[in-house]
Amino acid sequence: MKKEIAKHYDPAATEGPIYRRWLEAGAFAAFPDGRGEDRRYVVMMPLPNVTGALHMGHAMDNVMQDLLIRWHRMLQDNTLWMPGTDHAGIATQAVVEKRLFELEGKTRHDIGREGLVRRIWEWKEEYQQRIIGQQQEMGCSCDWDRQRFTMDPVCTRAVREAFFRLFRDGLIYRGDRLVNWDCQLQTAVSDDEIVHETIQGHFWHIRYPVIEPKPGEPPFVTVATTRPETMLGDTAVAVHPDPAGELERLITELPARIAAAPARDRAGLEAGLEEARRRKDELLPHLLLLRTMAADGRRVLLPLLDRPIPLILDEWARPELGSGCVKITPGHDPNDHDVWKRHRVEIGIVNILNPDGTLNANAGPYAGMDRLEARRKVVADLEAGGRIEAVEDREIEIGHSDRSKTPIEPYLSKQWFVRMGEVESGILCGRGTKKEFRAPGLAQAAIDATDPAYRSPSGRRLEFHPDPERYRGTYVSWLAEKRDWCISRQLWWGHRIPIWRGSFDRSALGGILKKMPPASSEELHVWVADQEGNLLPPRDEDLPAEGRFDLLACLRDPAAEKAWAGALAELGLVQDPDVLDTWFSSALWPFSTLGWPDPATAEVEAGKPGLGGKDGAPDCLSTYYPGSCLVTGRDIITLWVARMQLMGLYLLGDVPFTDCFIHANIQDGKGERMSKSKGNGIDPADIIEKYGADAMRYVLCDMQTGTQDIRLPVQAVSPYTGKLVDLATARHGRTVFTYVDPETGKEFDVLGTIPDLPVAKIISERFEVGRAFCTKLWNAARFALMSLEEEPAGDFRLFRFAELEPEDRWVLARLRRAVEAVTAGLADYNPSQALGAAREFFWGELCDWYLELIKPRLKQGAADRRAGAVLALVLDQVLRLIHPFVPFISEALWESLGGLRPRRGADEELDCRGPLITAAWPVARADWRDEGAESDMGLLQGVVRAVRNWRSTAGCPPSRKIAAVVKAGGEDAAALVRTAPGISHLAALSGLEIRAEFDRPKTAAKVVHSGLEIFLLDVIDVEAERKRLEAGLARWRKDLERTDKKLANPGFVEKAPAEVVAEERRRLEAARREIALLERSLADLS
RNA sequence: GGGCGGUUAGCUCAGCGGUAGAGUAUCGGUCUUACAAACCGGGGGCCGCAGGUUCGAACCCUGCACCGCCCACCA
């Protein structure tokens, strides 16, 4: 079968059809089968949010996964890559709400919960399609039939089951906490969803008058704040219980710390010491007085509201800072909240905020104002009342919501939490499984799972790559805080919390508990919570005699809900309106997608493969859990990796994956992380359109070297001049998405967000490397295929390594090394190294040397079939090696190769059936070693390079053939005889003689290479020749001098390892030899 | 404020104790029948700065400077 191969590679015409063929062949599909545990490879895709389209950072993430998956598929593992998308609760709702307001001027309250959720589903459908389209364009070989969304029925069921189990085990509680409140989205957000920004602010010092001061007592105390409006919620002023001792301790300890501190910190510490001493002398009497007043129960009057509040003693008030006194606002400051917890009986707690950020009735005359407006008014009123002692300008760090970009307010509200820390008597992990074990607490279980010395009951642990210790440090240090995880969000988009609750007085509680529906403990779990949030068993006789209590009832699944929710409602319990943090459902992703808790009954969409076992085959959960490798960026380690680990360990008794590959982040030309919101993101589709998917993948793999981050400078093609504009230096226009063309001063857009501005295409010359590689691959294959066309495909003969020519054996020996190097690079999570090894073999050895060498043999046709057979074999192996990196072009060439040469191999016939995507990964054959051939080729390359070098400096083009004589004897001569035809061909010689003795004719040039003298006849230009020889001599003399000096150093000779010294001696000898030859050549010239 | 990482050719990055590397850009040459999106050849580096350890330092140690990332409650 003859098939024309196009002269140029056209990615756009090739990629789509190839991808469709893979899909039709079911090449991405995974099914449980008989392959053992060590032959599975499972990757769970980090779920892209459905908030928007993907950028190059996602492309990196997806390409890394596809690389590993394709490699393992070729290793013949049972390979599952589970794709999916995340509902991304807060982020998606924020985007849709924003759009609703911009386009229709409506808020979520105008269209209601149902209406908003419906719109978010519409948005999700649109962006999910867009994301899948992008991933398919990149060549991602995920099992699309198994694709999941975090709000699919099967995932939702897992969320509910996980919640039920955590709740039953007392690991979920409802607490009165200060949370990070987003006043715009009106929800709590987690610490991880906050970004801190430094802004210019003020520090106000305010005087609170002392109520009826006694003689000698100060008329007021001064406190300071950056948020003056919070004073409306003050319930105390604190002073340190032992200011003298505290200052003394500082003065004693600081000198030691100063001595140990780095120089740059010293000045600050010394100033601190000086200040502490000054305070001891000047401020201490005042503080001691205040302490006595506090102990005496004295009070101060809160200005503006004229509310008496107590002076209290608490260590939070640091005598070395500010006035030594601190206002206490338990409702709006986390530290003050802690103070309140220590002084519950003495002081109150006041919430002054409404959920939307306006002040409530507790703010008295300021009620109804926005908090920032109130701040101005409070300051003005305090000033008018002479209460402001001083105002300082100061840089302050303000937490902003990552989603709405508005300042976060600490806000007192009831939220749901997962208990991360140790639990008395520990927690049972993997309950009901064979891997059941006890752990001190959720966070500790996840920490232990990464300890190299630790062996889980399953024998598995988690390891990070490519820098195990560094990333483990990030993971452990975050988990070690064991901060309870706030899982409730006041949103409408997400998994509803499956709790029905009511608040009852102790007197009513007994009766309610008696009337609880007769649901089994497998359907319903009930806790009673006291005002502190402590969980108590719902037994009337065990409860405290009085107080107010929350009754919390969790219904396990929709069936239980259907059966008993009505009964709960009749008792006065209502379902909690909140939804779960999006990370709660994504933490379950490694097993919720596989049908946990029961694959047999997992509900999947029509037409999708089921998750239960069929015809005796195991089910998906037992086959694909635990998974293999999670591929993601550093920032996700705490947000997601840690949470998947602890959920997997708790619910299934095993780590969800054993390896975590942390890849580099993509930065823009300024070195800032690429992100859509920054406006510096680029759509992989732009790059694919211009350079092709393989070119993009090639470059992403090549950039992934193991360092932190990768700079990707991009340029825009100016829509005004057509010239390139470097976005790293261009000025922004009216938004971060627009830039100003430096030449015309006109503005353009890069994302198509501003309707009236022209859009500039984005390019990055980095990707030209990838395109060049594809072109080279295409051309080399085209040459090979054209050559192979010459002979009939039918008469395949399996040649033996030993019967091949030296260059054939050389290329196979090099192939063997390349297979080892590529495999090792992939195993080490170093795609760049793996790709480099493949490229070096393909380009630097196969194309540059082997193909050129065998051209004459290929022309001989039937006389020597060996070159063609080796060529087909090596091309086969190169395509396999390169396929995970550049899947489209390699698959296309594989098809052409198969058409011409369906049977390939040497020593052993290869299995070449089927598409490349499922072909076997190359094996490094131990018997393809040939040091003799490699040394012959080394000589050939050296001589050819020497002649080319001379040609270049002498300006003698290859079209001018030259006769040459090499003076050599012994083994060198024998090797030259073997390689002479190749040398002649590659160095464009008209003839090459090897002689033991030869005197240079006057018309010959001479070049030397490793002791050999090469005479190029009838070419001489004496002056040019002299200059060239002198330059060579200078280089060698410099080398000799360096080596000589090194060997003359007795320290070196005595202390350096013997082989290093021997190597230097060899160098010295080589230099002397070359110098002697060159000197003789120079002498010959005259 | 704490932690982690980076600083090597114009650019993007390897190398991490034994003569400074790749790709790209640049310069010179070549249309050698697969490939000018190529081939051949060349130039270009106080390996951020200052000390130290070592026979020997881009590499190890200690400072300093600048850049980036993560974490953080200082009134």
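Naming: A, B, ... by sequence-line order, numbering from 1 per chain. Please read these numbers as outputs of a predicted model, since none were measured by experiment.
Pro1050(A) comes within 4.0 angstrom of nothing in the nucleic acid, heavy atoms only. Within 4.0 Å of Cys774(A), counting heavy atoms only, lies no atom of the nucleic acid at all. Within the 4.0 angstrom heavy-atom criterion, only backbone atoms of the sugar-phosphate kind lie near Asn1049(A); the bases stay farther away. Using a 4.0 Å heavy-atom distance criterion, Ala772(A) is classed as a sugar-phosphate-only contact. At a threshold of 4.0 angstrom between heavy atoms, the contacts of Asp1039(A) include nucleobase atoms, whether or not backbone atoms are also involved. Contact annotation for Lys327(A): no contact, since no heavy-atom pair falls under 4.0 Å across all strands. The residue Ala781(A) sits apart from the nucleic acid: no heavy atom pair falls under 4.0 Å. Val769(A) comes within 4.0 angstrom of the backbone, heavy atoms only, and of no base. Residue contacts shown for Pro958(A) include a base, since a base heavy atom lies under 4.0 Å away. Within 4.0 Å of Lys859(A), counting heavy atoms only, lies at least one base atom of the nucleic acid. The residue Glu1054(A) sits apart from the nucleic acid: no heavy atom pair falls under 4.0 Å.
In this structure, CZ of Arg711(A) is placed 11 Å from P of rC69(B), rounded to the nearest angstrom. We find that CD of Glu768(A) is positioned 21 Å from P of rC35(B), with the value rounded to whole Å. As rounded to whole Å, 15 Å separates atom C1' of rC40(B) from atom CD of Gln941(A). For the pair Lys1038(A) NZ and rA20(B) C1', the computed distance is 12 Å after rounding to whole Å. Atom-to-atom, OH of Tyr471(A) to P of rG5(B) comes out at 10 Å; the value is rounded to the nearest Å. To the nearest angstrom, P of rC74(B) lies 19 Å from CD of Glu315(A). Taking atom CG on Asp702(A) and atom C1' on rU24(B), their separation rounds to 11 Å, with Å as the unit. Rounded to whole Å, atom C1' of rU19(B) lies 11 Å from atom CH2 of Trp1036(A).
A donor-acceptor contact shorter than 3.5 Å links the side chain of Trp778(A) to the backbone of Ala6(A).
Of the listed nucleotides (rC55(B), rA34(B), rC73(B)), rA34(B) has the atom at the smallest distance from the side chain of Cys847(A). Nearest nucleotide to the Glu852(A) side chain, out of rC35(B), rU32(B), rU12(B): rC35(B). In the set rA22(B), rC40(B), rC35(B), rA22(B) carries the atom at the smallest distance from any side-chain atom of Arg839(A). Minimum atom distance to the side chain of Arg1042(A) is reached by rU19(B), of the listed rU12(B), rC4(B), rU19(B). Listed candidates were rA37(B), rG41(B), rC55(B). Nearest to the side chain of Arg771(A) is rA37(B). Considering only side-chain atoms of Arg634(A), the nucleotide from rC40(B), rG18(B), rC69(B) that sits closest is rC69(B). The nucleotide whose nearest atom lies closest to any side-chain atom of Arg318(A) is, among rC73(B), rG41(B), rC74(B), rC74(B). Here the nucleotide nearest the side chain of Trp316(A), chosen from rC74(B), rC35(B), rC55(B), is rC74(B). Taking every side-chain heavy atom of Thr705(A) into account, rC13(B) is the closest of rC74(B), rC35(B), rC13(B). For Thr775(A), the side-chain atoms get nearest to rA37(B) when compared with the rest of rA37(B), rG5(B), rC39(B).
Taking a pair to require two hydrogen-bonding distances under 3.5 Å in either a Watson-Crick or a G-U wobble arrangement, rU19(B) remains unpaired. Within the shown strands, rG52(B) is the pairing partner of rC60(B) under the Watson-Crick or G-U definition, both distances less than 3.5 Å. Look at rA65(B): its Watson-Crick or wobble partner, with both distances under 3.5 angstrom, is rU7(B). Across all strands shown, rA38(B) is found opposite rU30(B) as a Watson-Crick or G-U wobble partner, with both distances under 3.5 Å.
A distance of about 16 Å separates the C1' atoms of rA57(B) and rG48(B), rounded to the whole Å. Comparing the P positions of rC16(B) and rC55(B) gives a spacing of 23 Å, expressed to the nearest Å. Atom name C1', nucleotides rC31(B) and rC67(B): the rounded distance is 47 Å, in whole Å. Taking atom P on both rG17(B) and rC61(B), the two are 11 Å apart, rounded to the nearest angstrom. rC47(B) and rA58(B): their C1' atoms are spaced 4 Å apart (whole Å). Taking atom C1' in both rC13(B) and rG6(B), one finds a spacing of 12 Å when rounded to whole Å. Rounded to the nearest Å, the gap between the P atom of rU33(B) and that of rC39(B) is 15 Å. Separating the P atom of rA25(B) from that of rU32(B) is a span of 22 Å, rounded to the nearest Å.
Arg279(A) approaches Pro319(A) most closely through the heavy-atom pair NH1-O, 2.7 Å. Across every non-hydrogen atom of Leu700(A) and Met56(A), the tightest pair is CD2-CE, 4.0 Å.
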Given ring-ring contact (aromatic ring centres under 6.0 Å, His included), test Tyr698(A) with Phe773(A) step by step and report yes or no.
-> CA-CA 8 Å; Tyr698(A) 177 97; Phe773(A) 179 83; 4.6 Å; yes
Check the pair Glu768(A) / Arg771(A) against side chain to side chain contact (heavy atoms under 4.5 Å, CB included), numbers first and verdict last.
-> CA-CA 5 Å; Glu768(A) 279 162 21; Arg771(A) 184 169 55 185; 3.5 Å; yes
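Of the residues His332(A), Lys327(A), Arg375(A), the one that meets the side chain to side chain donor-acceptor pair (under 3.5 Å) test with Thr230(A) is Lys327(A).
Along RNA chain B, the nucleotide nearest Arg227(A) and the nucleotide nearest Val1060(A) are compared for position; the residue whose nucleotide lies closer to the 5' end is Val1060(A).
Checked by distance alone, Arg945(A) brings no side-chain donor or acceptor within 3.5 Å of a matching partner on the base of rC40(B). Side-chain to base pairing of Arg766(A) with rU12(B): no donor and acceptor N or O lie closer than 3.5 Å to each other. For Arg1067(A) and rU19(B), a side-chain-to-base donor-acceptor distance below 3.5 Å is present, hydrogens and geometry of angles not being considered.
Taking 4.0 angstrom as the limit, Lys1046(A) places none of its side-chain polar atoms (N or O) nearer than this to OP1 or OP2 of rU19(B). OP1 or OP2 of rC39(B) has at least one side-chain nitrogen or oxygen of Trp843(A) nearer than 4.0 Å. Taking 4.0 angstrom as the limit, Asn949(A) places a side-chain polar atom (N or O) nearer than this to OP1 or OP2 of rG42(B). Contact between the side-chain N/O atoms of Lys855(A) and the OP1/OP2 oxygens of rA34(B) is found at a separation under 4.0 Å.
Annotation for Glu1041(A): atom CD does not count as buried by contact number, only 12 or fewer foreign heavy atoms lying within 6.0 Å. By the neighbour-count criterion of 12 heavy atoms within 6.0 Å, atom NZ of Lys1038(A) is sparsely surrounded, having that number or fewer from other residues, nucleotides or ligands.
Because its NZ or CZ atom is not both nearer than 6.0 Å to the ring centre of Trp950(A) and within 45° of the ring axis, Arg960(A) does not count as a cation-pi partner of that residue.
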